Visitor: 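Below are the structure tokens for one structure; questions will follow.
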Amino acid sequence: MTEGPHVWVADADEAEIVARLLIGFRNHLGKDWPSDNAFLAGVDKLVEDRGTDFVIGAPDADAPPAGIVVLRYRHSVWTASEDCLLEDVFVEDHARGTGLGRALVAFSLEHARARGCRRAELDVNEVNEPALRLYESVGFGKKSTPWDGRDLFLSVRLDDDAAE
């Protein structure tokens with residue numbers, strides 16, 4: 001048995017695994033929408049998209065995948081390169097405490113660097129202390145600006161569906 005987490009970028013033939021992990025995250029959040037089929041259709045659409053990578057991992061090389069990070073890329077005029085947004089960082093309950101979350105995030109940052117990204121961003125709820133500690137331990141921090149106050153990540157729903 002290989003020691004430590006095993007992490008990789010999912011291939012198109014792993015779309016069902018990716019969807020299963022994202023559905024697990026949805027369920028963990030206490031939601032029931034989007035549907036399982038919508039997740040699989042979305043993954044099928046994005047798995048071939050150059051602007052998206054699905055990073056998956058297992059607690060060790062002999063275990064099934066139990067964690068995910070979705071990487072989304074977009075060009076930034078401020079960095080003259082692509083930025084990488086880490087979304088949907090999730091590790092199944094049974095694999096927490098194995099180092100898988102740290103391995104997923106560290107791999108994701110190295111993968112973004114290798115792609116030429118100069119900045120990585122994510123959002124996290126301020127009461128999610130374990131996630132905050134993890135992200136800060138790999139270099140994420142509050143952005144330094146010449147203005148007072150905290151930088152906030154804001155969003156607005158553009159449809160009438162209040163399911164979120």
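Keep in mind that this is a model prediction, so the values were computed, not measured.
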Visitor: If only atom types and distance count, is the side chain of Arg118 paired as donor or acceptor with the main-chain N or O of Ser76 below 3.5 Å?
Guide: no
Visitor: Does CD in Glu136 sit with more than 12 non-hydrogen atoms of other residues, nucleotides or ligands closer than 6.0 Å?
Guide: yes
Visitor: Applying side chain to side chain contact (heavy atoms under 4.5 Å, CB included) to Phe140 and Val124, what does each step give before you reach the verdict?
Guide: CA-CA 11 Å; Phe140 282 95; Val124 60; over 6 Å; no
Visitor: Under the ring pair (Phe, Tyr, Trp, His ring centres under 6.0 Å) rule, collect the residues that match up with Phe90, sequence neighbours excluded.
Guide: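 Here the qualifying residues are Phe25, His28.
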Visitor: Salt bridge (charged side-chain N to carboxylate O under 4.0 Å, His left out) with Arg113: which residues, sequence neighbours excluded?
Guide: Glu110
Visitor: What pairs of residues pass the salt bridge (Lys or Arg N to Asp or Glu O under 4.0 Å) test when at least one of them lies in residues 33-49, not counting sequence neighbours?
Guide: Arg26-Asp36
Visitor: Begin from the C-alpha positions of Val43 and Leu22 and carry the test side chain to side chain contact (heavy atoms under 4.5 Å, CB included) through to its verdict.
Guide: CA-CA 9 Å; Val43 170; Leu22 291 172; 3.8 Å; yes
Visitor: With sequence neighbours left out, what residues match Pro34 under side-chain contact (heavy atoms from CB on, under 4.5 Å)?
Guide: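 Per chain and number, Pro34 pairs via side-chain contact (heavy atoms from CB on, under 4.5 Å) with Ala38, Phe39.
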Visitor: Under the 3.5 angstrom rule, does the side chain of Asn125 hit a backbone N or O of Val127 as a donor-acceptor pair?
Guide: yes
Visitor: Knowing that exactly one of Val47, Leu71, Leu85, Val70 qualifies, which makes a side chain to side chain contact (heavy atoms under 4.5 Å, CB included) with Thr52?
Guide: Val70
Visitor: When you compare the side chain of Val7 with that of Leu100, does any pair of heavy atoms fall below 4.5 Å?
Guide: yes
Visitor: Got a sec, which residues hit side-chain contact (heavy atoms from CB on, under 4.5 Å) with Ala106, two or more places apart in sequence or on another chain?
Guide: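 Testing Ala106 for side-chain contact (heavy atoms from CB on, under 4.5 Å), a comparison that skips the adjacent residues, returns none.
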Visitor: How close do Leu21 and Gly67 get, heavy atom to heavy atom, and via which atoms?
Guide: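 In terms of heavy atoms, the two residues are closest at CD1-O, 3.5 Å.
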Visitor: Would you please name every residue forming a side-chain hydrogen bond (donor to acceptor under 3.5 Å, both in side chains) with Glu14, sequence neighbours left out?
Guide: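 side-chain hydrogen bond (donor to acceptor under 3.5 Å, both in side chains) list for Glu14, sorted by chain: Trp8.
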Visitor: Does atom CG of Asp13 have more than 12 heavy-atom neighbours from other groups under 6.0 Å away?
Guide: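 Yes, enclosed.
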Visitor: So, applying side chain to side chain contact (heavy atoms under 4.5 Å, CB included) with Val89, which one of Ile68, Val55, Val69 is it?
Guide: Val69
